[in-house]
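Take a look at this one; I'll ask things after.
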Amino acid sequence: MGNTYMKLITTEGDLSFSDIVTFTFERERYRCFTVFSGVFAGECDPAKVREVRFYLNGTLMHRGTADSLISEKRGAKELVKVKSYGFTLSLGENELEPGIVSNATLIKLVQRSQTSTMDYSVQTGTAEVNYVYVNEHTTLWQAMCVYTAKAYNSYPFIRNQNLVMCRLSSPATYIFANEKITEAGRGVALSRLISDAYTVDNSDNWTISRVDSYARDRHIARQRYYARDLEWAYDPTAGLKYHMAKAAAGREYTQFTYQGFKGEQLCDLAYFASGSIAVIGKEIDMIRINGSEKGIFTTIRCYKDIYCG
């Protein structure tokens, strides 16, 4: 598989594993982390591992914690089995001090965090919004999501190695014309859609509402009621839209799998057509790379929902 390997950073030095049994690496538009898992020939002391890195064709794809790591022997063969989440997983696990962040930017939200290890980076120069109100038990990722909705009517995403971004001004373009395509398809995922959302007005009556005609047209009835939230005090309907947009994530998608990997990342643009299945200049919203003795295969998925497509 060329220059593709896993590196374990341990308390006693670095260990590299290039004899691959199988691996999977995945990015997804609405997740705050990358995921890497694999089985490699070799051995290690799991208790001494501090960090997991994964290189594909010589490019560093993933840096994260050793969430699950097993060194075992099968017959005469030594194997290391690993599952690792990117360091940005911590964004969804650490709460912020409640209160108002005035003139909020992405950097200001990170600066409010008390436990940031800075094993990740964030996009600089992002737009200011009047405020982000941090409710009790709000995680840094949740605050980033609210900020991005206010600033760009969008949702944050992870590129490169643990880089949080709100928008991509110059996406790369990938044309899939000569690759070996192993499968392609279209689908929907509608189990989380919200058809009707409500919140209270200044008199504490549930008169403020929003309807998702996409859900209604598909005979989906799923009502949700949201308490008054200072986060959306200036426009309660914007808050309802935010909740409904999250529930609609990935509601329609087109995907295909090809042999190899071209280096694409989230929010780059894809061009692909096979019969009635096509994505023409659509945003890439999920990338899954599988490797084994059969080779490397990449699955690309493009969404069509409130924020994507």
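Remember, predicted model here, so these are calculated numbers, not experimental data.
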Could you check whether any side-chain heavy atom of P156 comes within less than 4.5 Å of a side-chain heavy atom of Y30, counting everything from C-beta outward?
no
Do you see a donor-acceptor pair shorter than 3.5 Å between the side chains of Y147 and Q142?
no
Do the side chain of Y152 and the main chain of A127 share a donor and acceptor less than 3.5 angstrom apart?
yes
Between the CG atom in L96 and the OG1 atom in T139, the distance rounded to the nearest 0.5 Å is 7.0 Å
As an exercise, state the distance from NZ of K83 to OG of S37, rounded to the nearest 0.5 Å.
6.5 Å
Looking just at side-chain N and O atoms, do T237 and D235 make a donor-acceptor pair shorter than 3.5 Å?
yes
Nearest heavy atoms of Y155 and F157, plus distance in Å
O-CD2, 3.7 Å
Return yes if some donor-acceptor pair links the side-chain N/O of T148 with the main-chain N/O of M144 below 3.5 Å, else return no.
yes
From L79 CG over to E43 CD, what is the distance, rounded to the nearest 0.5 angstrom?
10.5 Å
I70 with V21, same ILVMFWY side-chain cluster at under 4.5 Å
no
Verify salt bridge (Lys or Arg N to Asp or Glu O under 4.0 Å) between E51 and K7, making sure each step is shown before the conclusion.
CA-CA 8 Å; E51 179 181 331; K7 180 179 285 188; over 6 Å; no
Any chance you could lay out the side chain to side chain contact (heavy atoms under 4.5 Å, CB included) test for Y303 and M286, step after step, and finish with the verdict?
CA-CA 8 Å; Y303 294 155; M286 191 278 290; 4.2 Å; yes
Does T298 reach the main-chain N or O of G260 with its side chain, forming a donor-acceptor pair under 3.5 Å?
yes
Count the heavy atoms of every other residue, nucleotide or ligand shown that sit under 6.0 Å from NZ of K304, and state whether that count exceeds 12.
no
Closest non-hydrogen atoms of V49 and C44, given as atom of the first, atom of the second and distance, are CG2-SG, 4.5 Å
Scan side-chain atoms only and decide if N290 and T24 contain a donor-acceptor pair under the 3.5 Å cut-off.
yes
Separation between CD (Q255) and OG1 (T299), nearest 0.5 Å, reads 6.0 Å
For a quick test of reading the model, state the closest non-hydrogen atom pair linking R112 to I100 and the distance between them.
NH1-O, 3.6 Å
Could you state the interatomic distance from CG (D14) to CG (L8), rounded to the nearest 0.5 Å?
9.0 Å
Measure the shortest side-chain to side-chain distance between R186 and S276 over non-hydrogen atoms and say whether it is less than 4.5 angstrom.
yes
Taking the side chain as C-beta and beyond, is there a heavy-atom pair between C145 and Y242 under 4.5 Å?
yes
For N178, does the CG atom have more than 12 heavy-atom neighbours from other residues, nucleotides or ligands under 6.0 Å away?
no
All pairs passing ring-ring contact (aromatic ring centres under 6.0 Å, His included) where residues 268-287 contributes a residue, at least two apart
F256-F272
Compare all side-chain heavy atoms of Q265 with those of I284 and state whether any distance is below 4.5 angstrom.
no
Is R63 reaching over with its side chain to a backbone N or O of V52, donor-acceptor style, under 3.5 angstrom?
no
Checking the side chain of R27 only, and the main-chain atoms of N160 only, is there a donor and an acceptor separated by less than 3.5 Å?
yes
May I ask you to test the R216-V211 pair for a side-chain heavy-atom distance under 4.5 Å?
yes
Flag the pair T88 / N162 as yes when at least one side-chain heavy-atom distance between them is below 4.5 Å, and no otherwise.
yes
Please round to the nearest 0.5 Å and tell me the distance separating atom CD1 of I277 and atom CD of E183.
10.0 Å
Determine yes or no for a side-chain-to-main-chain donor-acceptor pair under 3.5 angstrom, with S209 supplying the side chain and Y198 the backbone.
no
Closest non-hydrogen atom pair, F87 against G64
CE2-C, 3.5 Å
Using side chain to side chain contact (heavy atoms under 4.5 Å, CB included), reason through I208 and V200 one step at a time and then give a plain yes or no.
CA-CA 6 Å; I208 301 173; V200 295; over 6 Å; no
Determine all donor-acceptor pairs shorter than 3.5 Å in which one atom belongs to a side chain in residues 164-175; sequence neighbours excluded.
from	atom 1	to	atom 2	distance (Å)
Y174	OH	G263	O	3.2

Aromatic rings F54 and F23: how do their planes relate, parallel, tilted or perpendicular, breaks at 30° and 60°?
tilted
Using modelled atom types and a 3.5 Å cut-off, is there a donor and acceptor pairing between side-chain atoms of D305 and backbone atoms of G250?
yes
Is the Y258 to F297 ring centre distance short of 6.0 Å?
no
State yes or no: do L15 and I20 share one hydrophobic cluster built from I, L, V, M, F, W and Y residues joined by side-chain heavy-atom distances below 4.5 Å, directly or via other members?
yes
Between the side chain of R251 and the main-chain N/O of L193, is any donor-acceptor distance below 3.5 Å?
no
For the residue pair E231 / N135, report whether a side-chain donor-acceptor contact shorter than 3.5 Å exists.
no
Distance-minimising heavy-atom pair for E12 and K48
OE2-NZ, 2.7 Å
K108 NZ: over 12 foreign heavy atoms closer than 6.0 Å:
yes
Can you hop from M244 to Y214 via hydrophobic side chains spaced under 4.5 Å?
no
N-O pairing of D196 and R222 below 4.0 Å:
no
Do side-chain atoms of T4 reach the backbone of N57 as a donor and acceptor pair under 3.5 angstrom?
yes
For A143 and V132, work out which heavy atoms get closest and say how close.
O-CG1, 4.3 Å
Sub-4.5 Å side-chain heavy-atom contact between E283 and C302:
no
Assess, by modelled atom type and distance only, whether the side chains of Y307 and D285 contain a donor and an acceptor separated by less than 3.5 Å.
no
Taking side-chain contact (heavy atoms from CB on, under 4.5 Å) as the test, write out the residues that go with N205, two or more places apart.
D201, S203, T207
If you apply the rule ring-ring contact (aromatic ring centres under 6.0 Å, His included), what do you find for F17 with Y5, and how did you get there?
CA-CA 6 Å; F17 301 81; Y5 58 97; 9.9 Å; no
Main-chain N/O of L60 paired with Q161 side-chain donor or acceptor, under 3.5 Å:
yes
Apply the test salt bridge (Lys or Arg N to Asp or Glu O under 4.0 Å) to residues D268 and R159: give CA-CA distance (whole Å), side-chain angles for both, the deciding distance (0.1 Å), then the verdict.
CA-CA 10 Å; D268 287 337; R159 278 177 66 95; 3.2 Å; yes
Flag yes if I306 and L190 sit in one hydrophobic cluster, no otherwise; membership is Ile, Leu, Val, Met, Phe, Trp, Tyr, and two members link when side-chain heavy atoms are under 4.5 Å apart.
no
Looking only at side-chain N and O atoms, does K150 offer a donor or acceptor that is under 3.5 Å from a partner on N130?
no
Considering only NZ, NE, NH1 and NH2 on the basic side and carboxylate oxygens on the acidic side, decide whether E28 and R301 come within less than 4.0 Å.
no
Report whether W141 and L89 are members of the same hydrophobic cluster (ILVMFWY, side-chain heavy atoms less than 4.5 Å apart, transitive linking).
no
Sub-4.5 Å side-chain heavy-atom contact between E26 and I287
no
Answer yes or no: does atom OH of Y85 have more than 12 heavy-atom neighbours from other residues, nucleotides or ligands under 6.0 Å?
no
Any chance CG of N103 has more than 12 other-residue heavy atoms, nucleotides or ligands included, within less than 6.0 Å?
yes
